[in-house]
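Each residue takes its place number in the sequence, starting with 1. Just so we're clear, the structure is a prediction, and the values are computed from it rather than from any experiment.
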Amino acid sequence: RRATRPLRDVIATAQRIIATGQLDARVPSPRRHDDVAELVRAFNTVLDKNAALLKAMREALDNVAHDLRTPLTRLRGTAELALQTAGAGGPQADALAECVEQADDVLQLLRALMEISEAEAGMLKLAKTRDDLAVLARNAVELYADVAEAKGIALSLETNDAVPVDADAPRLRQAIANLIDNAVKYTPTGGRVGVSVARDGAEAVLTVQDSGPGVPEPEQARVWERLYRGDWSRSERGLGLGLSVVRAIVEAHGGRVSLRNAPAGGAIFEVRLALIA
């Protein structure tokens, strides 16, 4: 049993990475010097190289997002100015309007990437005030009420007492709205999306539950990654950044967000933040 313990540690670490996506997990280094110890060290080296490669790719993506924002903003401004002088109707006006719309989509993508990067680096600036999480949730639900109704989805909110949190209201409202948008998007017509806000000890808990297909368990750890879109989501329009932005904003507030499938079907997203007196 002692001889095979390093191998069991390798298996446990690999399984933890697969299940949780924690790429910083490493196998405890054995003190002996044999073939098994060499395997453990080689495995950790591979993990280190992969982590370094992913970090370099993320930094390159951040730099590209930063460098592209200015020329795209100028491009959008030029197209908008030309649209104003082109007059209404006609193929030229339609082409310019399409350019403006596409530029807005790309700029939204770049802004989201930069916000995620700032949050991961601990540099996201938050203007925190005392806010009621229930009120923020109600605002987000009201924002998507018409969208849900048009799709034939019952969108509801369940909350009782005030749930005070220390939050940057616009950003936290954005995170809640992203969760509701995600739930409405993947819930079929005639389904339900329920939002609830409650207290749980010293924590404020917001839950968004839908009656959609849920998220396959092997993909649950990956949905928080930038630009990740599972096979089950490729038929829907999106940038693959909504849930990444949610996690970035929640963690910047010192909270945590999780995902699980409901026993009766559908996905349950849960946000936990610290309550304030």
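Here D131 pairs with T129 under the side-chain hydrogen bond (donor to acceptor under 3.5 Å, both in side chains) rule; sequence neighbours left out. Under the side-chain hydrogen bond (donor to acceptor under 3.5 Å, both in side chains) criterion, E251 pairs with no residue at all, not counting sequence neighbours. Taking D181 as the reference, K185 meet the salt bridge (charged side-chain N to carboxylate O under 4.0 Å, His left out) condition, with sequence neighbours excluded. Residues satisfying the side chain to side chain contact (heavy atoms under 4.5 Å, CB included) criterion with P188, sequence neighbours excluded, are absent altogether. By the side-chain hydrogen bond (donor to acceptor under 3.5 Å, both in side chains) test, R8 is found to be paired with T4, residues two or more places apart in sequence or in another chain being considered.
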Could you list the donor-acceptor pairs under 3.5 angstrom formed between side-chain atoms of residues 255-266 and any protein atom two or more places apart in sequence or on another chain?
unit_1 : atom_1 : unit_2 : atom_2 : d
R256   : NH1    : E203   : OE2    : 2.7
R256   : NH2    : E203   : OE1    : 3.4
R256   : NH2    : E203   : OE2    : 3.1
N261   : OD1    : V215   : N      : 3.0
N261   : ND2    : V215   : O      : 2.7

Would you list the atom pairs, donor with acceptor, under 3.5 Å between side chains in residues 158-167 and any protein atom, with sequence neighbours excluded?
none

Show which side-chain atoms of residues 36-54 pair as donor or acceptor with protein atoms under 3.5 Å away, not counting sequence neighbours.
unit_1 : atom_1 : unit_2 : atom_2 : d
N44    : OD1    : V27    : N      : 3.0
N44    : ND2    : V27    : O      : 2.9
T45    : OG1    : R41    : O      : 2.8
D48    : OD1    : R26    : NE     : 2.7
D48    : OD1    : R26    : NH2    : 3.0

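No continuous path of ILVMFWY side-chain contacts below 4.5 Å connects L83 to L81, so the two sit in separate hydrophobic clusters.
Taking a 6.0 Å sphere around CG of D34, one finds it holds more than 12 heavy atoms contributed by other residues, nucleotides or ligands.
With side-chain heavy atoms closer than 4.5 Å counting as contact, directly or through intermediates, V100 stands alone and belongs to no larger hydrophobic cluster. Residues near I268 contribute nothing to a hydrophobic cluster around it, because no ILVMFWY side-chain heavy atom sits closer than 4.5 Å to its side chain.
Residue pairs meeting the salt bridge (Lys or Arg N to Asp or Glu O under 4.0 Å) criterion with at least one partner in residues 136-148, sequence neighbours excluded, are absent. For residues 71-81, every residue pair satisfying the side-chain hydrogen bond (donor to acceptor under 3.5 Å, both in side chains) rule, not counting sequence neighbours, is listed here: R76-E80, R76-D104.
Salt bridge annotation for E149-K151: absent, with no cationic side-chain nitrogen under 4.0 angstrom from a carboxylate oxygen.
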Stepwise side-chain contact (heavy atoms from CB on, under 4.5 Å) test for I153 and R192: CA-CA 5 Å; I153 294 173; R192 304 178 313 279; 5.7 Å; no
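Here CD1 of I176 is found 8.5 Å from CG of N139. Values are rounded to the nearest 0.5 Å.
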